[in-house]
Q: 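Right, I'll just put the structure down here and ask away after.
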Amino acid sequence: MKPTLPQGTRDFSAEVVRKRNYIFNKIRTVFELYGFQPLETPAMENLETLMGKYGEEGDKLIFKILNNGLDNPAKHSKAKEDFEKILEGKNTTGITERALRYDLTIPFARYVAMNHGQLSFPFKRHQIQPVWRADRPQRGRYREFYQCDADVVGSTSLLNEVELTNIYATVFEKLGVAVEIKINSRKILTALAEICGGADKMMDITIAIDKLDKIGIEKVKEELQQRGLNDEQVALIEQYLLIEGNNVEKLIKLKELIGSNKTGNKGIDEIEFILNYQTTNHKLQTDFTLARGLNYYTGIIFEVKAKDAQMGSIGGGGRYDDLTGLFGVPNIPGVGISFGVDRIYDVMEELKLFPEAVQTGTQVLFFNLGEAESKTAFGLMQQLRGKGISCEIFHEQAKFDKQFKYADKKGIPFAVIIGTKEMEEGTAVIKNLKTGEQQSILQSDLQAFSF
RNA sequence: GAGGUUGUAGCUCAGUUGGUUAGAGCGUCAGUUUGUGGCACUGAAGGCCGGGGGUUCGAGACCCCUCAUCCUCCCCA
């Protein structure tokens with residue numbers, strides 16, 4: 001049998017793990033800097049917890065876990081009956097009652113709903129864990145990938161949104177990735193639907209206009225018509241889509257269009273609050289075509305795109321008024337953002353943004369040149385390790401040639417050579433493998449050497 | 001779920017209108033006489049040509065099916 005990997009999953013070799021950790025560490029550090037505390041939840045949730053939270057399409061992409069013990073003869077008839085329901089497209093706890101988590105937000109909402117009595121609000125948590133989606137893999141899309149989330153619940157203050165946009169800006173600046181941080185408000189989209197006279201068409205409108213930069217305005221208009229909007233409505237939406245300029249100019253034009261619509265003006269106020277709050281907001285870009293698929297968003301929404309790479313969004317998030325309400329605990333509003341590490345990695349790899357220093361593994365290789373020699377080397381090596389310097393000793397006595405090549409291939413910068421001559425003198429030769437320079441020092445001075 | 005692409009050595013790929021024992025580069029391993037690597041040279045190992053069926057005297061090449069892969073759409077990180 002030929003071993004293979006499940007579709008859309010990957011192994012990560014040392015080099016890749018180090019680069020990924022570099023990203024994780026930057027994100028985690030900034031999360032902590034802003035006062036977010038870590039949380040981890042199980043890989044699997046009850047299917048019931050996840051179903052119906054991500055829209056119809058989302059439900060299809062949830063990985064479901066087959067129940068154990070279905071082959072139990074005593075339960076055959078029940079199992080067959082339940083399976084009939086599966087064939088009809090329904091889920092049943094008789095066949096599957098657990099599923100792999102699809103994102104980190106819903107498990108978090110479940111956690112908050114379960115523990116709201118113990119948590120002090122506002123509650124700020126960050127979470128860095130893998131999620132799974134039964135999507136068709138392609139460029140920048142995997143079936144197992146990491147999300148890094150930061151969410152604040154129990155507060156409606158827009159200051160939270162300001163903080164989150166700052167986290168985005170800070171992290172990507174630290175990573176050296178040039179990005180556009182787009183913001184919009186679902187309230188503005190709602191207003192647009194209301195003005196069109198089709199509040200019920202809100203979803204159709206947002207789905208269509210979200211594709212603007214991909215398919216162009218003409219195709220969007222076609223799609224709107226297909227979705228049952230009349231010419232007048234389409235014309236209005238076209239005006240909306242044609243809004244251009246910098247943030248200030250866009251807002252002026254939008255206000256003209258929205259007029260006195262209450263919801264719309266609220267959305268505009270929110271955006272203006274965030275834009276005016278700080279001086280670093282030049283990184284934020286209003287984008288009224290931004291819609292986002294997840295249907296629990298109700299206020300400000302975010303999306304981050306890399307400037308110099310062809311890649312889908314590398315981060316996204318938004319405000320949700322009542323996520324825990326789905327779990328029987330109403331009135332806990334929240335807002336959160338997410339980083340897509342796997343895509344950030346792909347972008348950074350493409351643009352060669354990883355610093356070389358990321359790949360420092362073993363610092364020193366001790367040569368193995370005999371029984372007594374290796375014992376001496378071993379003792380010295382342990383001393384260096386005690387000082388926090390990562391070292392290795394060659395696994396067996398071998399020719400110089402071999403040991404050098406090993407060091408070379410692993411990118412180990414220093415070799416410590418202790419042979420018969422050094423044993424007699426109580427010295428050690430330290431060789432810098434990059435420059436070729438070497439020097440002989442007393443073994444007792446090795447600890448003090450700066451590698 | 002719909003459409004397309006590509007499957008030949010560990011990796012990247014050649015392989016003529018179908019014609020003997022299947023090719024290169026890189027990598028791996030071993031040597032180039034036993035305390036100084038990267039270079040060079042020599043040699044070796046390594047392939048059910050993704051799998052199954054068919055056409056043919058003959059298939060890595062052609063046809064059908066299947067699996068895998070990558071990409072596009074949908075949707076998303």
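Residue numbers start from 1 in every chain, and the chains themselves are labelled A, B, ... in the order their sequence lines are given, proteins ahead of strands.
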Q: Could you check whether A:E270 pairs with A:R319 (Lys NZ or Arg NE/NH1/NH2 to Asp/Glu carboxylate O, under 4.0 Å)?
A: no
Q: With heavy atoms under 4.0 Å as the rule, sort A:G436 into base, sugar-phosphate or nothing.
A: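 Answer is base: heavy atoms of A:G436 come under 4.0 Å of a base.
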Q: Round to a whole Å and report the spacing from CD of A:E56 to C1' of B:C76.
A: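 Between C1' of B:C76 and CD of A:E56: 16 Å.
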Q: Could you go through nucleotides 30-34 of chain B and list every protein N or O atom that sits under 3.5 Å from one of its N or O atoms, giving the distance for each pair?
A:
{"from": "B:A30", "atom 1": "OP1", "to": "A:K402", "atom 2": "NZ", "distance (Å)": "2.7"}

Q: Could you identify the nucleotide paired to B:A14, looking across every strand shown and requiring Watson-Crick or G-U wobble geometry with both distances under 3.5 Å?
A: none
Q: Ignoring hydrogens and geometry beyond distance, is a side-chain donor-acceptor pair present between A:N166 and A:Y34 at under 3.5 Å?
A: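 No.
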Q: In plain terms, say whether A:E424 and A:K421 are close enough for a salt bridge, that is, a side-chain N and a carboxylate O under 4.0 Å apart.
A: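 Not counted as a salt bridge, because no side-chain N and carboxylate O are separated by less than 4.0 Å.
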Q: Between A:Q138 and B:C71, is there a contact of a side-chain N or O with OP1 or OP2 at under 4.0 Å?
A: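 Negative; the distance criterion is not met.
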Q: At 4.0 Å (heavy atoms only), tell me whether A:G140 reaches a base, stays on the sugar-phosphate, or touches nothing.
A: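 Answer is base: heavy atoms of A:G140 come under 4.0 Å of a base.
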Q: Among B:G38, B:A77, B:U36, which nucleotide sits nearest the side chain of A:D408?
A: B:G38
Q: Between A:R141 (CZ) and B:C73 (P), how many Å, whole number?
A: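 After rounding, the reported distance stands at 9 Å.
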Q: Of the nucleotides B:G35, B:C75, B:G1, which has the atom closest to the A:R136 side chain?
A: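 Out of B:G35, B:C75, B:G1, the nucleotide with an atom closest to A:R136's side chain is B:G1.
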Q: Whether the side chain of A:E373 and the base of B:G35 hold a donor-acceptor pair under 3.5 Å is what I'd like checked.
A: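 A donor-acceptor contact between them is absent.
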Q: Nearest to the A:R133 side chain among B:A77, B:G37, B:G3, which nucleotide is it?
A: B:A77
